[in-house]
Amino acid sequence: GTIKEKGNASMSEINIAGKKLDIVSVIQLLPENYRKILSDYESKGTITFDCSISGEMSNEETPAITASFHVDNGSVKQKSTSYLLHSIRLEGTYSNGKMKNPSSSIINIRECFATLGTVENEESYGNIDAKFKIKNLNNPQIKLSAIAGFDLEKMQQFVKLDTLDSIAGVADLNISY
């Protein structure tokens, strides 16, 4: 792509793409504060993405940003337990919209699927199949459709919520919002 200086602004035409990149390699490119959040987990799978940044960038203007992404055959393992989310499929898009700011931004997740299980066996402790769209990141408007069922104790061991002493049972969801 190109970036050209224009007075106190820059004009950009940048395209960034990656095909079937290893998720671990992509995580290493994240800022330290995000990597720290993810440090209790091991991830596998591939990500494909395409991002375009186009237009003026200055104190007054933001370029148009659009992105599409797809995660295939992903898994996330909690390092201190044997629990993992596997068979992860995630597909979506992002745009900063017509006004090129958070209030016109849209995140659209067309597919989000994952199964909770363990490393030792193929037993499933639940899964989620969802779609959602978030408009206006300043005052979010959310449209969600999800079907999920999880063993709550196993999910808590995967997520490791330190503010929750114990939980048991099964949660079944079928939600549209």
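In what follows, every heavy atom counts, from backbone to side chain, and hydrogens, waters and symmetry copies are set aside. No experiment lies behind these values; they were computed from the predicted model shown.
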message = Could you walk me through whether Val76 and Ile88 satisfy the side chain to side chain contact (heavy atoms under 4.5 Å, CB included) test, starting with their C-alpha distance in whole Å, then the side-chain angles of each, then the deciding distance to 0.1 Å, before giving a yes or no?
response = CA-CA 8 Å; Val76 179; Ile88 297 172; 3.8 Å; yes
query = Same cluster or not: are Val159 and Leu85 linked, directly or through other Ile, Leu, Val, Met, Phe, Trp or Tyr residues, by side-chain heavy atoms under 4.5 angstrom apart?
reply = yes
ask   = Are any non-hydrogen side-chain atoms of Thr46 and Val71 less than 4.5 angstrom apart?
value = no
ask   = Say you draw a straight line from CG of Asn15 to SG of Cys51; how long is it, rounded to the nearest 0.5 Å?
value = 8.0 Å
key: Qualifying residues under side-chain contact (heavy atoms from CB on, under 4.5 Å), relative to Ser80, sequence neighbours excluded   = Gln78, Lys160
Identify every side-chain donor-acceptor pair in residues 125-138 under 3.5 Å, counting partners at least two apart or on other chains, and give the distances.
from: Tyr125; atom 1: OH; to: Glu123; atom 2: OE1; distance (Å): 3.4
from: Asn136; atom 1: OD1; to: Asn138; atom 2: N; distance (Å): 3.0
from: Asn136; atom 1: OD1; to: Asn139; atom 2: N; distance (Å): 3.0

remark   = Rounding to 0.5 Å, atoms CD1 (Ile27) and CD1 (Ile47) come to a distance of 9.0 Å
task = Kindly write out the residues that satisfy side-chain contact (heavy atoms from CB on, under 4.5 Å) with Ala64, not counting sequence neighbours, or none if the list is empty.
result = Asn96, Lys100
hydrophobic_cluster_shared for Val26 and Ile16, side chain cutoff 4.5 Å = yes
request  = Determine yes or no for a side-chain-to-main-chain donor-acceptor pair under 3.5 angstrom, with Thr48 supplying the side chain and Lys20 the backbone.
outcome  = yes
Test item: Arg110 and Asn108 side chains (from C-beta on) under 4.5 Å apart, heavy atoms = yes
Under the side-chain hydrogen bond (donor to acceptor under 3.5 Å, both in side chains) test, residues paired with Glu13 that sit two or more places apart = Ser54
query = Can you name the closest pair of heavy atoms from Thr93 and Phe69 and give their distance?
reply = N-CE2, 3.8 Å
query = Can a donor-acceptor pair be found between the side chains of Tyr94 and Ser105 at a distance below 3.5 Å?
reply = yes
query = Are Ser58 and Asn8 side-chain neighbours, meaning at least one heavy-atom pair lies under 4.5 Å?
reply = no
inquiry  = Hydrophobic clustering (ILVMFWY, side-chain heavy atoms < 4.5 Å, transitive) - are Ile106 and Ile142 grouped together?
reply    = no
key: Verify same cluster id: Leu38, Leu21 (apolar side-chain graph, 4.5 Å)   = yes
Can you give me every donor-acceptor pair (side chain of residues 144-157, partner residue at least two apart or in another chain, under 3.5 Å) with its distance?
from: Asp151; atom 1: OD1; to: Glu153; atom 2: N; distance (Å): 3.0
from: Asp151; atom 1: OD1; to: Lys154; atom 2: N; distance (Å): 3.1
from: Gln156; atom 1: NE2; to: Leu161; atom 2: O; distance (Å): 3.0
from: Gln157; atom 1: OE1; to: Tyr83; atom 2: OH; distance (Å): 3.3

Test item: Ser95 side-chain N/O and Gly97 main-chain N/O as donor-acceptor pair under 3.5 Å = yes
key: Non-neighbouring partners of Glu111 that pass salt bridge (Lys or Arg N to Asp or Glu O under 4.0 Å), sequence neighbours left out   = Arg89
